[in-house]
Amino acid sequence: MPELPEVETAVRSLREPLVGRTIYTATFPADPGRMTNLTVEVLSARIAGQRIESITRRAKYLIFNLSADKLIVHLKMTGHLYVMPAAEANPFDRWLRVYFPLDNGDQLRFSDARKFGRVSLVRDPAEILPDLGPEPLDDEFTAKVLKERLTGRSTILKSLLLDQSFVAGVGNIYADEALHIAKLHPLRHANTLTNAEIKRLHAAIRQALSDGILHEGASINWYRKPDGTRGESQDYLRAYRELGNLSKPCPVCGGPITKIVVGQRGTHFCPTCQPAKPR
DNA sequence: CGGACAACCTGGCGGC
DNA sequence: TGCCGCCAGGTTGTCC
């Protein structure tokens, strides 16, 4: 579910209640299945007594930097992290998969209806992180870098934006948004972009993600901020439409948004603003 | 490298 | 109201 802006929003709001806290243990209400990289026994024993020094993000992963280890969480489609006093219930507890009691009486909880999320405890993130492309909001991600990475890639633009080894953190919503801002058709082939188009795409990726962070993430069906409230980003989306609801027109030209399937993913674009041929 | 597709799971929604 | 099929923001692995 969450893409870079949603994960970044979660990281930012978890810092205040969590940095400086010490984790007592990890408790799994039910069989974790393939949620963790370690057995329940090993993970809970090894995390006990570790202090949360800082919380960072890489791509769509949350990284809790502990005294000795890193706790790495991927929310996938429906994962949710939140902090509650131990005695207090929360609607997301219905799908509670693991919780971490803390030294101040609070708990860090992870709930996940669809059970795709992952919680790993590692010494070195490289143990579990896959090949990830550059962070699109870092200064090092320039239009020149994007151009180099596009070179020789014949694949369809939309699919490439979703490839985490190409650029990290872009998911289905913000890929559609970036292409709309850049005025590029999602089916354009990556190696056919002109220099001007590459510049537009570079700026558009960053703008789509920055706007998403500014509005604290898109609460399209499952995503909620750690405090349970909704982000606002869904109200500002240019092209992406929830559940194929195409009644809202293109904010630029007022024409209808079209939905097609690209690489098995719903893809929304404005055929007027994003022509199939370079303009 | 790339495209197609299945798999991992469950809940919500529209349609009948 | 109830049942059914379809849809979902992510990622990985396999096959061709």
Side-chain angles (χ1 to χ4, degrees), chain A residues 1-10 30-37 57-62 72-81 91-97 110-120 128-133 149-179 186-192 208-209 211-213 215-225 230-247 259-268:
Chain A
M1 82 203 250
E3 310 180 29
L4 187 154
E6 288 74 30
V7 176
E8 180 63 27
T9 300
D31 179 358
R34 50 177 69 70
M35 174 177 55
T36 61
N37 65 326
R57 178 190 60 74
R58 171 72 173 117
K60 299 172 190 169
Y61 295 84
L62 295 101
I72 301 184
V73 178
H74 196 304
L75 303 171
K76 291 286 176 85
M77 307 283 258
T78 53
H80 183 59
L81 281 168
F92 280 90
D93 297 344
R94 177 177 169 195
W95 305 284
L96 187 63
R97 305 223 67 213
F110 175 70
S111 114
D112 186 10
R114 216 166 148 186
K115 298 184 181 175
F116 284 0
R118 296 284 179 274
V119 174
S120 307
I128 60 141
L129 292 189
D131 178 26
L132 293 169
R149 298 183 73 81
L150 285 168
T151 308
R153 302 299 298 264
S154 61
T155 192
I156 285 163
L157 207 43
K158 165 76 186 259
S159 302
L160 196 55
L161 290 180
L162 294 179
D163 181 347
Q164 299 299 296
S165 67
F166 178 73
V167 58
V170 178
N172 205 40
I173 295 177
Y174 295 99
D176 285 358
E177 292 301 293
L179 290 170
L187 293 178
R188 289 284 301 279
H189 287 261
N191 57 3
T192 67
L209 297 173
D211 286 358
I213 293 172
H215 299 302
E216 301 187 294
S219 285
I220 285 181
N221 91 51
W222 280 90
Y223 178 75
R224 293 297 181 276
K225 292 187 281 178
R230 305 171 74 95
E232 311 269 315
S233 180
Q234 68 280 359
D235 298 335
Y236 298 87
L237 296 178
R238 298 157 176 88
Y240 184 85
R241 297 289 181 266
E242 187 172 9
L243 291 172
N245 176 8
L246 303 179
S247 59
K259 181 178 181 185
I260 59 175
V261 175
V262 180
Q264 307 174 91
R265 310 303 303 279
T267 296
H268 314 73

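In what follows, chains carry the letters A, B, and so on, assigned in the order in which the sequence lines appear, proteins first and then strands, with residues in each chain numbered from 1.
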Protein-nucleotides 10-16 of chain B N/O pairs closer than 3.5 Å?
from, atom 1, to, atom 2, distance (Å)
B:dT10, OP1, A:Lys115, NZ, 3.2

Gap between atoms [atom1] and [atom2], on [X] and [N] respectively (whole Å):
X: A:His80; N: C:dG10; atom1: NE2; atom2: C1'; answer: 18 Å
X: A:Leu246; N: C:dC7; atom1: CG; atom2: C1'; answer: 14 Å
X: A:Arg34; N: C:dT11; atom1: CZ; atom2: P; answer: 17 Å
X: A:Arg97; N: B:dC8; atom1: CZ; atom2: C1'; answer: 12 Å
X: A:Asp112; N: B:dC9; atom1: CG; atom2: C1'; answer: 9 Å
X: A:Met77; N: C:dT12; atom1: CE; atom2: C1'; answer: 14 Å
X: A:Leu129; N: C:dG10; atom1: CG; atom2: P; answer: 17 Å
X: A:Leu162; N: B:dG2; atom1: CG; atom2: C1'; answer: 15 Å

Applying side-chain contact (heavy atoms from CB on, under 4.5 Å), name anything that partners A:Lys115, two or more places apart in sequence or on another chain. A:Arg97

Taking side-chain contact (heavy atoms from CB on, under 4.5 Å) as the test, write out the residues that go with A:Arg265, two or more places apart. A:Leu162, A:Asn172

Applying side chain to side chain donor-acceptor pair (under 3.5 Å), name anything that partners [X], two or more places apart in sequence or on another chain.
X: A:Ser154; result: none
X: A:Ser247; result: A:Asn245
X: A:Arg149; result: none

DNA chain C contacts made by residues 151-158 of chain A, counting heavy atoms under 4.0 Å: none

With a 4.5 Å heavy-atom cut-off, do A:Arg153 and A:His189 have their side chains touching? no

Salt bridge (charged side-chain N to carboxylate O under 4.0 Å, His left out) involving A:Glu216 - partner list, sequence neighbours excluded: A:Lys225

Could you list the residues that satisfy salt bridge (charged side-chain N to carboxylate O under 4.0 Å, His left out) with A:Lys158, not counting sequence neighbours? A:Asp176

Would you tell me if any nitrogen or oxygen in the side chain of [X] comes within less than 4.0 Å of OP1 or OP2 on [N]?
X: A:Gln264; N: B:dA4; answer: no
X: A:His74; N: C:dG10; answer: no
X: A:Lys76; N: B:dC8; answer: no

Can you tell me if A:His74 uses its side chain to pair, donor with acceptor, with the backbone of A:Lys76 under 3.5 Å? yes

For DNA chain C, whose closest nucleotide is more 5', that of A:Gln164 or that of A:Gly266? A:Gly266

Classify the ring geometry of A:Trp95 against A:Trp222: parallel below 30°, tilted from 30° to 60°, perpendicular beyond 60°. perpendicular

List the residues meeting ring-ring contact (aromatic ring centres under 6.0 Å, His included) with A:Phe166, not counting sequence neighbours, and say none if there are none. none

With A:Phe110 via ring-ring contact (aromatic ring centres under 6.0 Å, His included) - residues at least two apart: none

Could you tell me how far C:dC4 sits from B:dC8 if I compare only their C1' atoms? Round to whole Å. 22 Å

Is the base of C:dT11 stacked against the aromatic ring of A:Phe116, taking ring centres under 5.5 Å apart and planes under 30° as the test? no

Output the pairing pattern of DNA chain B as a dot-bracket string, 5' first, Watson-Crick or G-U wobble with both distances under 3.5 Å, | for cross-strand pairs, [ ] for crossing pairs. .|||||||.|||||||

Nucleotide of C:dT12, C:dA8, C:dG10 approaching A:Tyr240 most closely (side-chain heavy atoms): C:dA8

